[in-house]
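By convention in this document, chain letters (A, B, ...) are assigned in the order of the sequence lines, proteins followed by strands, and residues within each chain are numbered from 1. It should be emphasised that the depicted structure is a prediction, and the values quoted were computed from it without experimental measurement.
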Protein chains: 2
Amino acid sequence: MKSRTTCCRELERWLEPATFKALGEPSRAALLMLLAGTPGPRTVGELAAELPIDLSVVSRHLKVLKDVGVVTAERSGKEVRYRLACGDLVHMLRNLADALESCCPTGITELEAGR
Amino acid sequence: MKSRTTCCRELERWLEPATFKALGEPSRAALLMLLAGTPGPRTVGELAAELPIDLSVVSRHLKVLKDVGVVTAERSGKEVRYRLACGDLVHMLRNLADALESCCPTGITELEAGR
DNA sequence: TATATATTTGCACCATGGTGCATTTATGCA
DNA sequence: TGCATAAATGCACCATGGTGCAAATATATA
């Protein structure tokens, strides 16, 4: 098990507020699920067609997700194809879980969780 | 590997916007790190003493974290001891990571991550 | 160049929410 | 009961940000 000071550095590294704020907005969470729901990239128009919000708003949400590295964008002619950065996201979540687990004394944790 | 429809249900289950919104606020992220940084519970006053915000604000932030299950509260005399629900949080993060991984075709994912 | 389509950006509106101060509530003790 | 301490709540202020519409930009094609 890592030391407590080490786990705190790890926590600070992976608990990026901007990323969680990006994922914490319902419309953006819906976008993420749409992107995860089908293989391959999707255009802004395709995504907007499946949500009850304006295309321009979808474009802005995708920019937010791109800025925190949750999605990647690639222009293809007139369209821009957005793709979920699945590997990076999974990597972040697992590292954060590991960091938290390093911090929390397992015994107490299990007790608290009531299992 | 789970089917795509299954992974979407799992995603919807674990990608709770309220939880991520709670973690996406810098002051609350700081609270989480303080709670993870030392073993055992902390009182509102102790936590407020380590942050540049008013005690009342800390109290409110802790309520938000409690409402989404990130921390637990236990009154002990005049004090209220807040504790990180570490096990639940780790559980949620790992399940979310698994759901995402089930959705994303691994080959494409690895390519995107540039590894 | 002119036109059409896809996306982004400027703008204004408005809801949400983070903040501090003052007050209230909860608890323990004399 | 009265007083002191810890925490929560009411309130007002203000910054942030989600939203739609219109205009601007990017790209392909005639």
Between the protein and nucleotides 24-28 of chain D, list every N/O to N/O distance that falls short of 3.5 Å.
none

Can you tabulate the close N/O pairs, meaning under 3.5 Å, that link protein atoms to atoms of nucleotides 14-17 of chain C?
none

Show which side-chain atoms of residues 16-36 of chain B pair as donor or acceptor with protein atoms under 3.5 Å away, not counting sequence neighbours.
unit_1: B/Glu25; atom_1: OE1; unit_2: B/Ser27; atom_2: N; d: 2.9
unit_1: B/Glu25; atom_1: OE1; unit_2: B/Arg28; atom_2: N; d: 3.2
unit_1: B/Arg28; atom_1: NE; unit_2: B/Ala22; atom_2: O; d: 2.7
unit_1: B/Arg28; atom_1: NH1; unit_2: B/His61; atom_2: ND1; d: 3.1
unit_1: B/Arg28; atom_1: NH2; unit_2: B/Lys21; atom_2: O; d: 3.4

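For the atom pair CG of B/Leu15 and CG of B/Asn95, the computed distance is 12.5 Å after rounding to the nearest 0.5 Å. B/His91 contributes atom NE2, which lies 5.0 Å from atom CH2 of B/Trp14 (distance to the nearest 0.5 angstrom). The line from OG of B/Ser102 to CZ of B/Arg9 is 12.0 Å long, rounded to the nearest 0.5 Å. Atom-to-atom distance recorded for A/Leu11:CG and A/Leu100:CG is 5.0 Å, nearest 0.5 angstrom. In this structure, CG in A/Leu96 is found 10.0 Å from CD in A/Glu10, a value given to the nearest 0.5 Å. Atom CG of A/Leu93 sits about 8.0 Å away from atom CE of B/Met92, to the nearest 0.5 Å.
Out of C/dT19, C/dA6, D/dT9, the shortest distance to the side chain of A/Glu79 is found at C/dA6. When distances run from any side-chain atom of A/Arg60 to the nucleotides D/dC11, C/dG10, D/dA8, the shortest one goes to C/dG10.
In this entry the distance linking NZ of A/Lys63 with P of C/dT9 reads 6 Å, nearest Å. Between B/His61 atom NE2 and D/dA8 atom P there is a gap of 13 Å when expressed in whole angstrom units. Atoms NZ (A/Lys66) and P (C/dT7) sit 14 Å apart, rounded to a whole Å. A/Asp67 has its CG atom 12 Å from the P atom of C/dT8, to the nearest Å.
Residue pairs meeting the salt bridge (Lys or Arg N to Asp or Glu O under 4.0 Å) criterion with at least one partner in residues 32-42 of chain A, sequence neighbours excluded, are A/Arg42-A/Glu46, A/Arg42-A/Glu50. For residues 53-73 of chain A, the set of pairs meeting the salt bridge (Lys or Arg N to Asp or Glu O under 4.0 Å) definition, not counting sequence neighbours, comprises A/Lys63-A/Asp67.
When the side chains of ILVMFWY residues are joined at heavy-atom separations under 4.5 Å, either directly or via intervening members, A/Ile53 and A/Val44 end up in a single hydrophobic cluster.
The phosphate of C/dT8 (OP1 or OP2) has a side-chain N or O of A/Tyr82 nearer than 4.0 angstrom. Remark: A/Ser27 is not in phosphate contact with D/dG18, judged by side-chain N or O atoms under 4.0 Å from OP1 or OP2.
For the cysteines A/Cys86 and B/Cys104, the sulfur (SG) atoms lie within a distance shorter than 2.5 angstrom of each other.
Residues from residues 50-58 of chain A that place a heavy atom under 4.0 Å from any atom of DNA chain D, listed by number: A/Pro52, A/Ile53, A/Asp54, A/Ser56, A/Val57.
Taking for each of B/Ser59 and A/Val64 the nucleotide of DNA chain D with the nearest heavy atom, the 5'-most of the two is the partner of B/Ser59.
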